Number of protein chains: 2
Amino acid sequence: MSVKRAGQMPVWQQIAGELRQAISDGTMPPGARLPTESELTERFQVARNTARQALTALVAEGLIIAARPRGYFVRDRRPINYRPQQEFMPQPRYLETDRFIAQHSAEGREARQTIEVSIVDPPEMVKDRLRLEAGELTVVRKRVRYLDGEPFNTNDSYFPLDLVQGTEIMRPDDIARGANEVLAENDYRQVRALDEFYVRMPTPEETRRLALAPGTPVAYHVVTGFTSEGRPVRTVLNVLPGDRHVIAFERTRPAQADS
Amino acid sequence: MSVKRAGQMPVWQQIAGELRQAISDGTMPPGARLPTESELTERFQVARNTARQALTALVAEGLIIAARPRGYFVRDRRPINYRPQQEFMPQPRYLETDRFIAQHSAEGREARQTIEVSIVDPPEMVKDRLRLEAGELTVVRKRVRYLDGEPFNTNDSYFPLDLVQGTEIMRPDDIARGANEVLAENDYRQVRALDEFYVRMPTPEETRRLALAPGTPVAYHVVTGFTSEGRPVRTVLNVLPGDRHVIAFERTRPAQADS
DNA sequence: GAGTGGTCTAGACCACGTA
DNA sequence: ACGTGGTCTAGACCACTCG
């Protein structure tokens, strides 16, 4: 290992490059411990801050994690499948818990969620999608889902207040058959949904709420559900950490005359 | 503006917090110039490196950009709609999609793409999805798409070599009616597709190829197309910079007998 | 207690685009 | 030519966790 002062590439990038290479070619597999800052300082004959700059860059890329005082470690990535379409698909009748729990307890991981319900003036993004007038309020069910005790993703579901007034949607409990079914029972069955995905870095608030490691981007998943009359009755804001999810869709060509 | 040494929060985070606040509340709108490092050093009475650490963090969050030597500027975000379903629905009825998202699309923007075709031993990810034996080769069409002269996203389409041997898929030209139609003409019409989205930070290679600003995550979109016999005939690896795309799906509840 | 990374300082010189 | 951010040095002290 050596670095060149005269090169076009800054020293810290050369160091980062060597480490990145060792990670991607398997020399340092997930979970492996990286050299300490002191060791890099010594090995490359640079100031500690220069070695640090290389490591900091890899942290920002999401490749490694700083676990003080044990050192830096190669990150692992074990995403689970996230299938938005599932909520419209027929489900086994014996399922008595909500979608998330059903999907993951089966895999031997302990699923849990917290629920907070409140009545709020919704964010602009929700207002647009639910076509609310200024001042119209919504009921929001804010959930944080945990897997094996670790926060996993968040799900904030907004409903126009007048649609869900007095229903069990307003109670901060699990709804075994799903909030969508409750809406359907109240004559607001959703037949169409629009999914939008925004990819960005998390806000500090999201970083805290989901205990995100530095260098973890999120998918911001916005779902809006419509009745057969085309009325939006539900908007959901999901925050999906990139290191924990792979988003999957399946589509089929609509029936048509063969060519 | 003031920072406290005694607080639990590091000084650089306090500075970053104040700047972040000014950005999110509109005091510094997109395009606005931030204080220089010297100005922050003076205003908060800290070393230049401390002010720098705050700015570097905001760069890594994708909130600001360093445009040397003009200064730091608040980033803008003007994503366009990305609709994977479109390829199966030439004239889709996107009743809801276009309602919300400002369309900077094709209108007035110059679209262009480069195409490279080669025969390669595909990456593992492609091998898995096309169910290839070791050593089986693929044809790959690598495209970089530009909008207004700026690289926008990349699209690498892999086909089993024996399926497309001698077809126009192997020529590095635009295929007006689409590669899928060419496959269909050769008895490999795709009727089903699987979309997978991985959210992560870009590799240095992707950063270069797409001229990504620091702090820009990407969606890695993997599409696999199947014939009616269930044979995979095409796998596409798309890299979609998060600051330039919003991914949109629309779904309808399948017709079903109520149980 | 030892070793880790986290924070912070106070300098230096450089590369680069704009004026 | 000037001012900007980019790189790099050589220190210092701290907080935390592990053995």
Side-chain angles (χ1 to χ4, degrees), chain A residues 2-19 28 31-75 204 207 211 213-215, chain B residues 2-19 28 31-75 204 207 211 213-215:
Chain A
S2 70
V3 292
K4 295 186 177 63
R5 251 73 183 182
Q8 312 128 340
M9 190 166 289
V11 173
W12 71 264
Q13 281 189 28
Q14 298 179 45
I15 298 174
E18 299 222 12
L19 295 173
M28 294 195 297
R33 184 172 185 275
L34 277 79
T36 66
E37 295 179 353
S38 306
E39 286 166 356
L40 292 175
T41 298
E42 174 64 22
R43 182 191 304 176
F44 292 104
Q45 292 295 301
V46 295
R48 179 183 163 215
N49 275 344
T50 302
R52 243 183 100 69
Q53 193 168 3
L55 292 163
T56 302
L58 296 182
V59 168
E61 285 175 35
L63 282 181
I64 67 175
I65 199 167
R68 191 179 51 165
R70 295 184 296 116
Y72 291 91
F73 293 84
V74 180
R75 273 181 78 172
T207 300
Chain B
S2 70
V3 291
K4 296 187 177 61
R5 251 75 181 178
Q8 310 135 337
M9 189 166 290
V11 173
W12 70 265
Q13 281 190 27
Q14 299 179 44
I15 298 174
E18 299 223 12
L19 296 173
M28 294 195 298
R33 185 173 184 275
L34 276 80
T36 66
E37 295 179 352
S38 305
E39 286 166 355
L40 290 175
T41 298
E42 173 64 23
R43 182 190 305 174
F44 293 104
Q45 292 295 302
V46 295
R48 180 186 162 214
N49 275 345
T50 303
R52 245 184 98 69
Q53 194 167 3
L55 292 163
T56 302
L58 297 182
V59 168
E61 285 175 35
L63 281 182
I64 67 175
I65 198 167
R68 190 180 52 164
R70 294 186 294 118
Y72 291 91
F73 294 84
V74 180
R75 273 182 78 172
T207 299

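Bear in mind that the values here come from a model prediction, so they are computed numbers and not experimental data. Residue numbers start from 1 in every chain, and the chains themselves are labelled A, B, ... in the order their sequence lines are given, proteins ahead of strands.
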Query raised in the report: What pairs with A:E61 under side-chain hydrogen bond (donor to acceptor under 3.5 Å, both in side chains), at least two apart in sequence or on another chain?
Result: A:R20
**Report entry** Distance in angstrom units between B:M9 CE and C:dC8 C1', rounded
**Finding:** 17 Å
Requested in this report: Using modelled atom types only, decide if a donor and an acceptor are shared between the side chain of B:R33 and the backbone of B:R70 within a distance under 3.5 Å.
Outcome: yes
Report task. Can you figure out which of D:dT9, C:dT7, C:dC8 approaches the side chain of B:Q13 most closely? Result -> C:dT7
**Report entry** B:E39 side chain to B:T36 backbone, donor-acceptor under 3.5 Å
**Finding:** yes
Query raised in the report: Just how far, in rounded Å, is P of C:dG11 from CG of A:N49?
Result: 16 Å
Report summary line: Here the distance between atom P of C:dC8 and atom CZ of B:F44, to the nearest Å, is 13 Å
Query raised in the report: By side-chain hydrogen bond (donor to acceptor under 3.5 Å, both in side chains), which residues pair with A:R48, not counting sequence neighbours?
Result: A:E37
Query raised in the report: Looking at residues at least two apart in the chain, or sitting in another chain, which of them share a side chain to side chain contact (heavy atoms under 4.5 Å, CB included) with A:R68?
Result: none
Extract from the structure each pairing of a protein N or O with an N or O of nucleotides 4-6 of chain D at less than 3.5 Å, listing the distance.
{"unit_1": "D:dT4", "atom_1": "O4'", "unit_2": "B:P69", "atom_2": "O", "d": "3.2"}
{"unit_1": "D:dG5", "atom_1": "OP2", "unit_2": "B:E37", "atom_2": "N", "d": "3.2"}
{"unit_1": "D:dG5", "atom_1": "N2", "unit_2": "B:R68", "atom_2": "NH1", "d": "3.2"}
{"unit_1": "D:dG6", "atom_1": "OP2", "unit_2": "B:R52", "atom_2": "NH1", "d": "3.1"}
{"unit_1": "D:dG6", "atom_1": "OP2", "unit_2": "B:Y72", "atom_2": "OH", "d": "3.2"}
{"unit_1": "D:dG6", "atom_1": "O4'", "unit_2": "B:R68", "atom_2": "NH1", "d": "3.2"}
{"unit_1": "D:dG6", "atom_1": "N7", "unit_2": "B:R48", "atom_2": "NH2", "d": "2.9"}
{"unit_1": "D:dG6", "atom_1": "O6", "unit_2": "B:R48", "atom_2": "NH1", "d": "3.1"}

Report task. Just do the side chain to side chain contact (heavy atoms under 4.5 Å, CB included) check on A:I15 and A:V46 with the steps written out, would you? Result -> CA-CA 10 Å; A:I15 298 174; A:V46 295; 4.3 Å; yes
Query raised in the report: Do any side-chain nitrogens or oxygens of A:T50 fall under 4.0 Å of OP1 or OP2 in D:dT7?
Result: no
Report summary line: Rounded to 10°, the helix from C:dG1-D:dC18 to C:dT18-D:dA1 deviates from straight, judged by its five-pair end axes, by 10°
Requested in this report: Using side chain to side chain contact (heavy atoms under 4.5 Å, CB included) as the criterion, list what pairs up with A:V74, not counting sequence neighbours.
Outcome: A:I23, A:M28, A:A32, A:L34
**Report entry** Point-to-point distance, once rounded to the nearest 0.5 Å, from CD of B:E18 to CZ of B:F44
**Finding:** 4.5 Å
